[in-house]
Amino acid sequence: MKKTGVCILLVVALLFGAFLPATAAGPKEADPETGELNSRLPPTLSADDREESEFSIRGLIAAEPFIDIRGDGGKPVWDTKRYDFLEVEPTNPATVPAALWRHARRNAQHGLFRVTDGIYQVRGYDIANITFIAGKTGYIVVDPLTSVETARAALELLYRYCPIKPVVAAIYTHSHVDHWVGVRGIITAEEVASGKVRIIAPAGMVEEAVNENVLAGNAMARRAAYMFGNLLPKGPKGQVDAGIGKAVSTGTVSLIPPTEEIATPVQEMTIDGVRFVFQQTPGTEAPVEMNFHLPDLKALCIAENVSAGLHNLLTPRGALVRDGRAWARFIDEAIDRFAGDTEVVFTTHHWPRWGKARIADYMKKQRDLYKYIHDQTVRLMNQGYPPAECAERIQLPPSLAREWFNRDFYGTVNFNVKAVTSATLAGSTAIRPISIRSRPRRRRGSTCSTWAVPAPSSPGPVRTSARVNTAGWLRRSTTWFSQSRKTPRPANSWPMPWSSSATGPNLPSGGISTSPGHRNSATASGAMPHSTGPGLMWSAPCRSTRSSTCRPFA
Ligand SMILES: [Zn+2]
C-alpha cells in the first residue's frame, strides 16, 4: 500500500504536466475568419444564459478579492489574479469563442457558497469543488481537491464564516485525483488511524486510481499537458479555461486510503447524524463513482456524472474510455430514485441548481445527451460508417443543443462519437488487411519531415521500406510517392489516402501516435485512438481527401 501510494503521488504530480518543458511558439492574433466565427454564439445555442450566471453566484457568503495560495518556499499553487483579464472585458476577444468566454467568466467565480441549510461549497479554489456538510458534531467533507494547500485554504475560508467544528468524515465521490489528493489539508492520517475521522469511497477506488495514474502515468502526463494547457500563459491568447474549472492547482499531493467502501449498488448510511443514500455509478465518468442523496436536506450530490457542460467519454489525456450508455442509465436511475425528493442538486465541478422541475429537466437532458451520442454512433456504425464519418454526421438535436449545460466546453460531440466507436468496435478503422499493421511515423519518409519524428538516415523511404518492411508497406510507400508528387501535403492538412494515422504538427519528438480507432493496448487505461497534439483531436473524415476511395467499411 505504501509503495502504491508513493507511485500515485509521483504520477499525480506529473499528471497535469507541471514539469514538462515549455514550448517556444508564441501567441497569435485570430485570423479574420476565426474572429468572425468567435464573435457570435452558435446558432443552435440559446442566447439566454442568465440562469447559468445566476446559479453560478447564488448563495455567495463571502469571496476574497483574490486568492494567492503558496506552497513550500513560496511556490505558487493557486492564483486567481491570472484570470483577471476575464473581469476586465465582458465581451469576448476575437481569439476566444463567445460561449466559452461567458462560461469561463462563470468558472472564475470563487468563494464560500451556501447550497442549502447545512451544505456549503468552496468553489474556485481548485479545478473541482469542495463541499462541507454540517453534521451533529463536525463537518463531513466531500472531495478535498487536488492540493493540500488549496484544501486547507478552503477549510480556513469556511471557518471564517461558519462555526468552527472538526472534520469528522471525508467522502471521495470517485477515483479521479482532483477529488481527493488534497485530503491532508483537512485531516491527518493519525486522526483517521485513531478512528476519529471516517473516509468513505466507492469500492475499488484505490485500485482504479492506480490503474489510471500509475500504469500509463508518464504517457498520460504528456497528454494531460495538451489537454489542460497548463504550460500556456493565462490570457485571451493563451489558456482561458479548462471547461470544468479554471485549471489544476500545483501544490502538494497526498493520500489517505478510505476506511469504508460503498460496496452495494444502493447503500444507506448515517454519518455524524446525517442520513446518506449512496448510489454507485460504475463505468460512468470514472470507473468507480457514486452519487448520494441527503433525504433530510432534500439535496442530491450527483458527483461528476452531471455538470454544466458536455463531459468527456474519452479524455485526450487517455483515461479509461467511458460508456455513454451506462452513464445515461445511471443518471436515469438517479432521476427515478431521488429527483422527486430533491430541491437542490450540487456537483463536484460547476454550480448547483435549485427547484424540482428545473432539476428534473437538467438531469433528463444530460441523460439524453450521452444516450443520444451513444445511440446515434452505434446506428451509423452499423450502417457501415467509420469513426470519423460518424463524428462528422452526428449533431445534437435542437432540444439538447440549445442548453448551455450541454455545451462542449470540455468534451465535444465529435470526440465523444469516436469514443463510442472505439469502445464498441475496438480497432474499427483497421478493416482492410493492409491497414491491420499500422506503421510508425519514421517509416513514412522525407515529405513528412516537418511534422513527424525525423526519419533515420537512409537513401530514401522506398528503399528503406523495401529493405526492412513487409510487402504491404512497400505497396503503401509506392502509393504515397505517386500521391505526393501530385499534391504536396500542407503541414496542417488531413491525412493522405495512404495514411492510417492522424499525425500532425507539435507532437514532441518521440511522442505518441496511434492509429485512429485502433485500441492502444500499450496503455493501461484502454482506448486512446488519437494523437495528442493540438489540432489532432479532430481527426478528419476520409471524404475530404479520400473521396474516390472511401465507402463505409466497403
Ligand atoms: Zn473532477
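Just so you know, ligand 1 is whichever comes first in the structure, and atom 1 is the first atom listed for that ligand. Note that the coordinates shown come from a computational prediction; the quantities given were computed from them, not determined experimentally. Throughout, residue positions are numbered sequentially from 1 according to the sequence presented.
For the Zn ion (ligand 1), the tally of protein N/O/S atoms lying closer than 2.8 Å stands at 4.
Side-chain polar atoms of Glu304 and His174 form a donor-acceptor pair below 3.5 angstrom. There is no side-chain donor-acceptor pair under 3.5 Å between Asn305 and Glu285. For the residue pair Glu52 and His103, no side-chain donor N or O sits within less than 3.5 Å of a side-chain acceptor on the partner. No side-chain donor from either of Gln109 and Ser56 sits under 3.5 Å from a side-chain acceptor of the other.
Taking the ring axis of Trp354 as reference, the NZ or CZ atom of Arg58 stays within 45° of it and closer than 6.0 Å to the ring centre. Figure legend: Arg123 and Phe113 shown as a cation-pi pair, the cationic atom lying under 6.0 angstrom from the six-membered ring centre and within 45 degrees of its axis.
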